[in-house]
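We count ligands from 1, going down the list as the structure has it; atoms in each ligand are counted the same way. We use all heavy atoms of the structure for the numbers below, so side chains are in, but hydrogens, waters and symmetry mates are not. What you see is a predicted model; the values in this text were computed from it and never measured. Numbering starts at 1 and runs along the sequence shown.
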Amino acid sequence: MVKVPPLTDTFNRRISYLRLSVTDRCDLRCAYCMPERMQFLPKAEVLSLEELYQLALEFIARGVTKIRLTGGEPLVRRDVIDLVRALGRKLGDGLDELTLTTNGTQLAEYAQPLFDAGVRRVNVSIDTLDAALFERLTRRDRLAQVLDGIAAAKDAGLQVKINTVALKGLNENEIPRLVEWAHGEGHDLTLIEVMPLGEVDGERVDHYLPLPAARDRLEERFVLHDIGDSTGGPARYARVAETGGRLGFISPLTNNFCASCNRIRVTATGQLYACLGGAEKVDLRAALRSDAPGANVAAALDEAMRIKPERHHFAIAEGAAPAQPRHMSVTGG
Ligand code: SAM
Ligand code: SF4
């Protein structure tokens, strides 16, 4: 068999981590992510689960060792668990870790099947523990369902990391409580700066909270010790002395982390975006559906490595257009 070279970009970064979006659809409408009347992609354009699996195999053959399934909401795609099970069989056979990012609404049903398929860690996004604010942020009344899902994940033996977008004037005063709750439950918590991706109904800048400011406020209450842990993602971590838990900061606007980027993203329609903040992409669906899928997908992956930019250039300002027209629900973050 011909040995294919691992994915390495022109800045000598090894790409070992694939974020694979299985759907752009979602059962929530988080106000910073998408408008209430979001236009989803026509289903006919979306790859089948079998095609998503075939693509994942191509990535594994090129040295990808970690796959995160995302969306939209990955668990609203019908039969997605079949894909999880198929990928789970690659664990220990090229794949080191299979994980997913979810809003948690379907976790009560899926936690055990995910664990049984080999998933050991999940990221669950939750921005508030207040039911009224949850409904305002997500435009849906689902807090109890999400909390049940998180509890089910813990019961099933899944390690849970909570992701929270820090939002000025919305959840900013609740962040200490979220830290105490998450750490009390044994979950890490990571704060994220809101990113200017896709048009939403309001102005994102109105609720943009730079994480250095959020950290200063947390340090009025907690002692934070920076730690060097790396989970292969962009977060920088601190240990909270009072809770003993880990607190992550993903600061794409105030603290660029692109130099260590090891990631690549594929949308549910098979478009590989070389950078979350950039337009550079290759069409893996066309390659996969061509006469010579093996050679054409390999060539497309080489092209992706050639065009992956050195860094993103996010900026957030009043009246400014989003950095990219596509929403986070297309690439899955
Ligand atoms: N639906 C799943 C969820 O919410 O976890 C997976 C997809 S969602 C797009 C992935 C992550 O992106 C979530 O943690 C969400 O809070 C975050 N996100 C969505 N839009 C964002 C934005 N504009 N800026 C920063 N984070 C965003
Ligand atoms: Fe859905 Fe996740 Fe976007 Fe919220 S952040 S609307 S849960 S895709």
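The contact set between ligand 1 and S125, taken as ligand atoms under 4.0 Å from a residue heavy atom, comprises 3 (C), 4 (O), 5 (O), 13 (C), 14 (O). The atoms of ligand 1 that sit less than 4.0 Å from any heavy atom of V194 are 24 (N), 25 (C). Using a 4.0 Å cut-off to heavy atoms of V165, the atoms of ligand 1 that qualify are 16 (O), 26 (N). Per-residue contacts place T70 under 4.0 angstrom from the following atoms of ligand 1 (heavy atoms of the residue considered): 6 (C), 7 (C).
Proximity of T101 to ligand 1, defined as any heavy-atom pair under 4.0 Å, is shared by backbone and side chain alike. Under 4.0 Å from ligand 1, not a single heavy atom of L28 appears.
Not a single heavy atom of G71 sits under 4.0 Å from any atom of ligand 2.
Put simply, C30 gets within reach of atom 4 (Fe) of ligand 2, with an N, O or S atom under 2.8 Å from it.
The closest heavy-atom contact to atom 7 (C) of ligand 1, among the options S329, G72, S21, comes from G72. Distances from atom 26 (N) of ligand 1 to the heavy atoms of R204, M328, H327, R68 show the closest one on M328.
N255 and R236 share a side-chain donor-acceptor pair at under 3.5 Å.
Put simply, Y273 and I15 are part of two different groups of oily side chains (I, L, V, M, F, W, Y) that touch within less than 4.5 Å, one to the next.
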